A.B. asks: 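Please find one structure pasted underneath; my questions will follow.
Quick note on labels: first sequence line is chain A, next is B, and so on, each numbered from 1. For clarity, every value in this text was computed on a predicted model and none was experimentally measured.
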Amino acid sequence: MNKLMLATALGLALTMAAGCAQKSVVRYGDATAVETTDISFGSTDLQKVAGEMTDSLVLSPVVGTLTQNKRPVMFVERIKNKTSEHIDTESITDSVSTKLLRSGKFRFVDMSRVEAAREQMKFQQEGGMVDSTKAVQFGKQIGAEYMLYGNLSSIVKSNKDKSDVYYKFTLRLMDLESGLVEWADETEIRKTKAKESVGW
Amino acid sequence: MKEIIGIATVALLSSLFVTGCANTQPPTTSGIGTNEMTQGDEFSKHLKLDKPELALKLNIAEVKSRKTNRLLEVNLQLASTFKKSLKLQYHFNWFDEQGFVVEARKTPWKPVELHGFQSTTLRGVAPNEQVASFNVYVRETAEKSYKY
């Protein structure tokens, strides 16, 4: 009887253990949730830097003056990745420019699609398929008045128990005609990873 | 007697494993609850809390808002009435004149830590000029995940 009980207990335990080990669940998560999977640059950091920079820019007194009666035209030069990891900085620029555009304060020209636009216009002008009176004309685009550019840098330190990463994101707005930097701001992120004892 | 010990062993072992399985939730996005609870003071319309328990630990000390460059800028002072540290996450919800959500689900959750009885100012800037009102949703961050 005793042996039977022991066998049952063992069997149950093994089944439970196996059940735990092989669990794999797929579920949808919140894209805006705080993500702390590891210490490298993540979605929360991207949302934080893009959000803070946009807020700072649209609230600045200089931008208040610039956008008083018009919506200035901007273009985003790339954000240089000076960190030690691979980060898609175009994604940061996309977020910043989308937020600024949706704020209704600025308009943008997209330098990354100049070739595609040129090709389409060439087709309309020279392809012979588009009514020439309705074809889009060359030389009528509006040039950017301001350039947005920046840097993302990091300092990484670690010892055997702890790692620490510090990100600094700098963004600047330059008046293309005068060459003056009209606005600049930086935002910082500190992330640490330490071993934590697992408690019950 | 032996039988009883055997049954007890089985029960104990299986319950241990059950708890072990139940607690393997990731610590990242916890606290998404549906039962919103608001406080009874004048600022209550600006604060949505995740759990009723949080209402006993948090208070809004002050709400200020103004229009800067035609955008609604909000300063909300959140005060802890709890003696221990609180690890929280918050996000702003923005509404237009008619009370419709503006830029829904685009404002990210931001982490904030309040030490015992500390107060902090949460700052929010409306995403565009249509925004007329707002509220802040606060939830507690789950601390750890327990794993075998």
A.B. asks: Would the number of heavy atoms belonging to other residues, nucleotides or ligands and lying under 6.0 Å from CD of A/Glu90 be above 12?
C.D. replies: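 It does not: A/Glu90 CD has 12 such atoms or fewer within range.
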A.B. asks: Got a sec, which residues hit ring pair (Phe, Tyr, Trp, His ring centres under 6.0 Å) with A/Phe41, two or more places apart in sequence or on another chain?
C.D. replies: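 Scan of A/Phe41 (ring pair (Phe, Tyr, Trp, His ring centres under 6.0 Å), adjacent residues dropped) gives A/Tyr167.
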A.B. asks: How close do B/Arg70 and A/Gln68 get, heavy atom to heavy atom, and via which atoms?
C.D. replies: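 Smallest interatomic distance, heavy atoms only, reads NH1-O, 3.8 Å.
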A.B. asks: So, taking the atom named NZ in A/Lys48 and the one named NZ in B/Lys110, what distance separates them when rounded to the nearest 0.5 Å?
C.D. replies: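 Atom-to-atom, A/Lys48:NZ and B/Lys110:NZ are 8.0 Å apart.
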A.B. asks: Is chain B contacted by the side chain of A/Ser43, its backbone, both, or neither, given a heavy-atom distance below 4.5 Å?
C.D. replies: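 The answer is neither part of A/Ser43.
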A.B. asks: Which bit of B/Gln130 comes within less than 4.5 Å of chain A, counting heavy atoms only: side chain, backbone, both or neither?
C.D. replies: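 Neither part; nothing is under 4.5 Å.
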A.B. asks: Taking side chain as everything from C-beta outward and backbone as N, CA, C, O, which of these in B/Pro127 sits under 4.5 Å from a heavy atom of chain A? Side chain, backbone, both or neither.
C.D. replies: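 Backbone only.
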A.B. asks: Mind checking whether B/Phe95 and B/Val102 sit in one hydrophobic cluster, side chains of I, L, V, M, F, W, Y counted as touching below 4.5 Å?
C.D. replies: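 No; tracing contacts between hydrophobic side chains, which count when under 4.5 Å, never links both residues.
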A.B. asks: How about CD on B/Glu113, more than 12 heavy atoms from neighbouring residues, nucleotides or ligands closer than 6.0 Å, or not?
C.D. replies: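 Yes.
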A.B. asks: Please report the shortest heavy-atom distance between B/Trp109 and A/Asp30, naming the atom on each side.
C.D. replies: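 Heavy atoms only, the tightest pair is NE1-OD2, 3.0 Å.
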A.B. asks: Can you name the residues that form a side chain to side chain contact (heavy atoms under 4.5 Å, CB included) with A/Ser178, not counting sequence neighbours?
C.D. replies: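 Applying side chain to side chain contact (heavy atoms under 4.5 Å, CB included) to A/Ser178 gives A/Asp175, A/Leu180.
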A.B. asks: At their closest point, which heavy atom of A/Leu59 faces which heavy atom of B/Arg123, and how far apart are they?
C.D. replies: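 Between these two residues, the closest heavy atoms are CD1-NH2, 3.2 Å.
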A.B. asks: Verify the neighbour count for atom NZ of A/Lys168: are there more than 12 heavy atoms of other residues, nucleotides or ligands below 6.0 Å?
C.D. replies: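 No, NZ of A/Lys168 has 12 or fewer neighbouring heavy atoms, counting only those of other groups under 6.0 Å.
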A.B. asks: Tell me, yes or no, whether the heavy-atom count around B/Lys67 atom NZ, taken from other residues, nucleotides or ligands under 6.0 Å, exceeds 12.
C.D. replies: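 Yes, NZ of B/Lys67 has more than 12 neighbouring heavy atoms, counting only those of other groups under 6.0 Å.
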A.B. asks: What's the separation between atom CG in A/Leu57 and atom CG in B/Asn69, rounded to the nearest 0.5 Å?
C.D. replies: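 Rounded to the nearest 0.5 Å, the CG-CG separation comes out at 9.5 Å.
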A.B. asks: Looking at chain A, which one of B/Thr107, B/Val125, B/Asn128 has the largest number of heavy-atom pairs inside 4.5 Å, strictly under?
C.D. replies: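 Highest number of pairs under 4.5 Å: B/Val125.
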